[in-house]
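Read through the structure below, which is laid out as structure tokens, and then see the notes.
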Amino acid sequence: MAEMFIGGEFVRTQRERFPVLNPATEEVLDTVPLAGPEEVDLAVRSAHQAFQTWSATPAARRGDLLLRAAQHVHDHLEELARTLTLEQGKPLREARLEIRRFVETLVHYAGLGRNLRGGYVPNLDEGAYGLVLKRPLGVVAAIVPWNFPTTLLGNKLGPALVAGNTVVAKPAETTPLATLRIAQLLHEAGLPPGVFNVVTGTGPQTGEALVRHPLVRKVAFTGSTQVGKRIMALAAEGVKRVTLELGGSDPMIVCDDADLDAAASAASVGRFFNCGQACVAVKRLFVFESVAEPFVEKLLAKVRRLRVGPGLEDGVHMGPLHTQRQRERIEEQVQDALDRGARLLAGGRRPEDPRLQKGFFYEPTVLLEPDPQARVAQEEVFGPVLPIWRVADLEEAIQRANSSPYGLGSSIWTRSLERASVAAERLEAGYTWVNSVNRIYDELPFGGTKQSGFGKEHGLEALDYYMETKSVVVRALGG
Ligand code: NAD
């Protein structure tokens, strides 16, 4: 039975427990407690107490500890990847990648511990100068979804901890296990008790108690736009800072001068990686009419080769959807598109393989020309379904790409510098990839615009979201 990690140890509670399922078999893997306000209070107080010493620890030393912790997690990569596959469903190869990304992000921010900087302004006034201090905020609540439970945690943990904050994380109710193990590993590696705590439970009960807690100074949230709005409203009551990494409906534009083979590969990986359950993913594809036929043919050839199965099995490209509800939502969106006249080019159903009747499997699906009012065009599609539309030119592609309420990622495939520059300038998104997709770099700031949220993770910019700025005026006595 897994327990919450508070103050450097697993803490037993008498709370009601809930099961964690394996999405590939629907079997119960473990149970975790459903934390209420008392447990949340315990975790936040523990983090608040640890903040007093952690924030006073030299930043270089914090960085060194993070580096050591990252190494220790890396030493347990195989074990963690397996846990992640079991609770999340993704193929083991992708789970390994995910843990590696968690480690890389920690290493990146560990290095920045030696580079935290404020400012100095000379001659403010006669005999006076100014200092710009950068100070940690205090206790940060990190609320994370189930699609990338560990990398999305790492995106918050790295900058928050190196900047001197302490953290209470709430993983999604369906994916707490790898996070709890990571908490234990970080402490084994020397992170002081209370610096990183994990509470488990549902959003409305545990998540809201965390957001409302008066000692929480900032909420770093990744999840759906709907819940993001709720968190923003709750945080407003305590005038708390928030960063919101929300949903997306990324467009991919394939021009007539694109490398069609590369674009088809990227569309397939970009849509079906993690069974399509990624915030940045190719969720709407716009291809120039003149190359639509050869492009779609190449894409379908790739899609037909995708093997669906349990994530622990060798050679599997796509695991199950994460939950029953998730699969139902995808089925409803596909049905709606078909009802509105879309052509089904691949998938559109559960696999027939008798071995895959248990588990939330669904075939990789490609739709041609759904009605622009169809749900797959209007809503985020968080699963393995790729809608394709033919467009006359770049102008039409950009207009349609921007017609979404979301603005997270985007990509354009072209050999023309002019087209690439126009798209980079005009696509309403936090990221535009030219001739590539979906790779997130620790060096570059990441985050959305419009209803995809605000605030940045990654890059030097992320640090700003975990520090406050204070001005100091110094007047030399007798000056
Ligand atoms: P979700 O919003 O339902 O849940 C996310 C987290 O919030 C979970 O831990 C959940 O328990 C918690 N939560 C739910 N209600 C809450 C409440 N009222 N108060 C406090 N916490 C609450 O999202 P999901 O369905 O788990 O994840 C999928 C969504 O996340 C998609 O929309 C996806 O695009 C988005 N996402 C965005 C990014 C990004 O970086 N922009 C990355 C990954 C996923």
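Here the structure is a predicted model, which is why all the values come from computation and not from measurement. Note that ligands are numbered from 1 as they come in the structure, with each ligand's atoms numbered from 1 the same way. When a residue number appears, it is its place in the shown sequence, counting from 1.
- The aromatic rings of Phe446 and His458 sit perpendicular to each other, their planes meeting at more than 60°, with 30° as the lower class boundary.
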Acceptor/donor pairs from residues 161-168 side chains to any protein atom, 3.5 angstrom cut, sequence neighbours excluded:
{"residue": "Asn165", "atom": "OD1", "partner": "Leu137", "partner atom": "N", "Å": "2.6"}
{"residue": "Asn165", "atom": "OD1", "partner": "Gly138", "partner atom": "N", "Å": "3.1"}
{"residue": "Asn165", "atom": "ND2", "partner": "Ala160", "partner atom": "O", "Å": "2.9"}
{"residue": "Asn165", "atom": "ND2", "partner": "Tyr466", "partner atom": "O", "Å": "2.9"}
{"residue": "Thr166", "atom": "OG1", "partner": "Ala47", "partner atom": "O", "Å": "2.8"}

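- A salt bridge links Glu3 to Arg17: at least one charged side-chain nitrogen sits closer than 4.0 Å to a carboxylate oxygen.
- Test Val144, Thr105, Thr222, Thr243 against Asn155 for side-chain contact (heavy atoms from CB on, under 4.5 Å) and you get one pass: Thr105.
- If you look at ligand 1, the protein residues with a non-hydrogen atom under 4.0 Å away are Ile143, Val144, Pro145, Trp146, Asn147, Leu152, Lys170, Pro171, Ala172, Glu173, Gly203, Gly207, Glu208, Phe221, Thr222, Gly223, Ser224, Val227, Arg230, Ile231, Glu245, Leu246, Gly247, Gly248, Cys279, Glu380, Phe382, Leu408, Phe446.
- Formation of a donor-acceptor pair under 3.5 Å by the Lys170 side chain with backbone atoms of Val40 is not found in this model.
- With hydrogens and angles ignored, the 3.5 Å screen pairs a side-chain donor or acceptor of Asn435 with a backbone N or O of Thr414.
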